[in-house]
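Before any comments, here is the structure.
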Amino acid sequence: MADVKQTKIDLNNLKAGGFIKERGKDLFTVRLRVPGGRMSVPRLKKIAEVADKFGGEFVHLSVRQSIELININFKDFDAVVEELGEATQKVASCGARVRVPVACGGCEYNPNGLVDTQKSALEVDEKLFGTPTGHHKFKVAFAGCPFDCPKSATNDIGFQGAVYPTLDKDACISCGLCAKSCVPGALVMGEDSKPVFSNDPCIWCGDCVKVCPTGAWSEAKRGYTVRIGGKWGRNPLVGTLFATFLPEDRVAEFIATVLEWYKEKAEGYGRVRLGDTIIREGAKALLDHLRGRFPEYTVAATIAPQVIATQVGISR
Amino acid sequence: MQVIDLRGVSCPTNFVKAKLALEELDNGTVARILLDDGEPVKNVPRSLKADGHRLIGLKQVEEGHYVLELEKIDE
């Protein structure tokens, strides 16, 4: 009699995805959940141990800040999940769900950071990770400042840290450092040797506040600039502006409000992303929905996400 | 007046050289730091401010470079 061994796997582990089939028979990539790309050193050590025991000769760092274990045999799924769990490391998601948020280092140690993107990424991961959208994937990114290393506008919702500067003229010593530091040209020195501020070119980077030797420039408000409807892939879209100076503690609620709209409006249209849904429904429809709950942060008007041509240079 | 000439030195070497030069000075000494236009004049002053020094003024001189005046502050 043949010794038939039935493979047992806890299918609950697979619910949120994160186990991705590879080319080889029986082999899978296991994508780990690393919100904001921050990884504690003890956890990193444990992952290395698990990779060494169950995986191939290397791990892969995904483009969205996750560590992916390569060449995991599906028969080892339970053991991998259990051993990672000893370091409270969880598996990530794939498919039509809210994905793990990405974020830059934020403001704790990066001198450019204006907001705590790491805190935001952790909070959103905790509250919304894996939420089924019913339609397509849903990506969120947090950039700590307008330099925007995470390319926030290429996400379904992209957040960008911002401060609005205000000047105390009496404290100004006319040194000119702010005007010199202002890359977009929103500040020039006036005839009275004090800086003159123009709102339109200002991207709210806060460089004037950071360089000001006397504190004459300070923050009038701080929060996130929010762009919605971006994506990359075969048909890229750049997300457009829907909210400004959204307070950090309202981010999760804001995303949930957008998700609510997306779930409803994409119903019956198949596998469609948020950006394409906004293009079909019109930007005003989403803007009005958001204004109901976030009247003080929603912008007065905006346009739908914009198509980015990727085949530039090809003549057809 | 102490002069720290960082012309022709790019970021972040200029900032690190400024730190080393400022280490040699007594607390409260006023120094002039010569910086090129562009990235150096945008970056170095705010990094020195973050290190706790007191920025006094910034002037562009005829030759095109900038002179940053600051007071060395020991933390």
Side-chain angles (χ1 to χ4, degrees), chain A residues 105-115 144-149 161 163 165 167-196 201-219 222, chain B residues 1-19 22 25 27-75:
Chain A
C107 61
E108 295 154 280
Y109 55 91
N110 183 328
N112 289 321
L114 301 171
V115 290
C145 72
F147 304 158
D148 207 328
C149 301
V163 301
L167 179 70
D168 170 5
K169 264 199 176 185
D170 294 337
C172 173
I173 56 168
S174 301
C175 69
L177 272 165
C178 56
K180 191 66 220 170
S181 301
C182 184
V183 178
L187 287 178
V188 288
M189 294 309 278
E191 280 176 7
D192 60 351
S193 297
K194 304 282 183 183
V196 180
C202 181
I203 57 169
W204 311 314
C205 67
D207 279 1
C208 49
V209 178
K210 285 177 195 152
V211 78
C212 181
T214 62
W217 280 111
S218 62
E219 295 175 21
R222 170 203 294 251
Chain B
M1 176 72 67
Q2 291 287 334
V3 175
I4 304 168
D5 187 355
L6 298 173
R7 287 175 297 174
V9 186
S10 56
C11 305
T13 312
N14 46 16
F15 173 54
V16 176
K17 281 186 107 165
K19 281 174 76 77
L22 287 168
L25 305 183
N27 193 26
T29 307
V30 173
R32 282 195 178 142
I33 301 179
L34 313 189
L35 295 165
D36 288 327
D37 197 0
E39 289 297 304
V41 73
K42 279 181 200 136
N43 293 337
V44 175
R46 96 173 192 211
S47 299
L48 291 169
K49 178 191 166 192
D51 269 7
H53 304 294
R54 190 171 74 85
L55 308 189
I56 299 167
L58 178 79
K59 280 197 182 66
Q60 189 167 25
V61 294
E62 262 179 32
E63 300 96 299
H65 66 268
Y66 281 82
V67 180
L68 174 73
E69 202 168 286
L70 65 67
E71 180 187 347
K72 184 213 169 138
I73 308 285
D74 270 329
E75 306 213 32

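Just the heavy atoms: all of them, side chains too, but no hydrogens, waters or symmetry mates, feed the values below. A, B, ... follow the sequence lines: proteins, then strands. Residue 1 opens every chain.
Looking at A:Ile173, the atoms closer than 4.5 Å to chain B (heavy atoms on both sides) all sit in the side chain, from C-beta outward. Heavy-atom distances place the backbone of B:Ile56, and not its side chain, under 4.5 Å from chain A.
The candidate from B:Lys42, B:His53, B:Gln60, B:Lys49 with the greatest count of non-hydrogen atom pairs under 4.5 Å with chain A is B:Lys49. When each of A:Cys212, A:Pro111, A:Ser174 is scored by its heavy-atom pairs under 4.5 Å with chain B, the top score falls to A:Cys212.
Rounded to the nearest 0.5 angstrom, A:Ser181 OG and B:Leu58 CG are separated by 8.5 Å. Distance SG/A:Cys175 to CD/B:Glu69: 11.5 Å, rounded to 0.5 Å.
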Side-chain polar contacts of residues 202-210 of chain A - donor-acceptor pairs under 3.5 angstrom, sequence neighbours left out - could you list them?
from, atom 1, to, atom 2, distance (Å)
A:Asp207, OD1, B:Arg46, NH1, 3.1
A:Lys210, NZ, A:Asn112, O, 2.9

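Residues of residues 7-19 of chain B never come closer than 4.5 Å to chain A when only heavy atoms are counted.
Between A:Lys180 and B:Asp37, some side-chain heavy-atom pair lies under the 4.5 Å cut-off.
Contact detail for A:Val211 and B:Pro45: the closest heavy-atom pair is CG2-CB, 4.2 Å.
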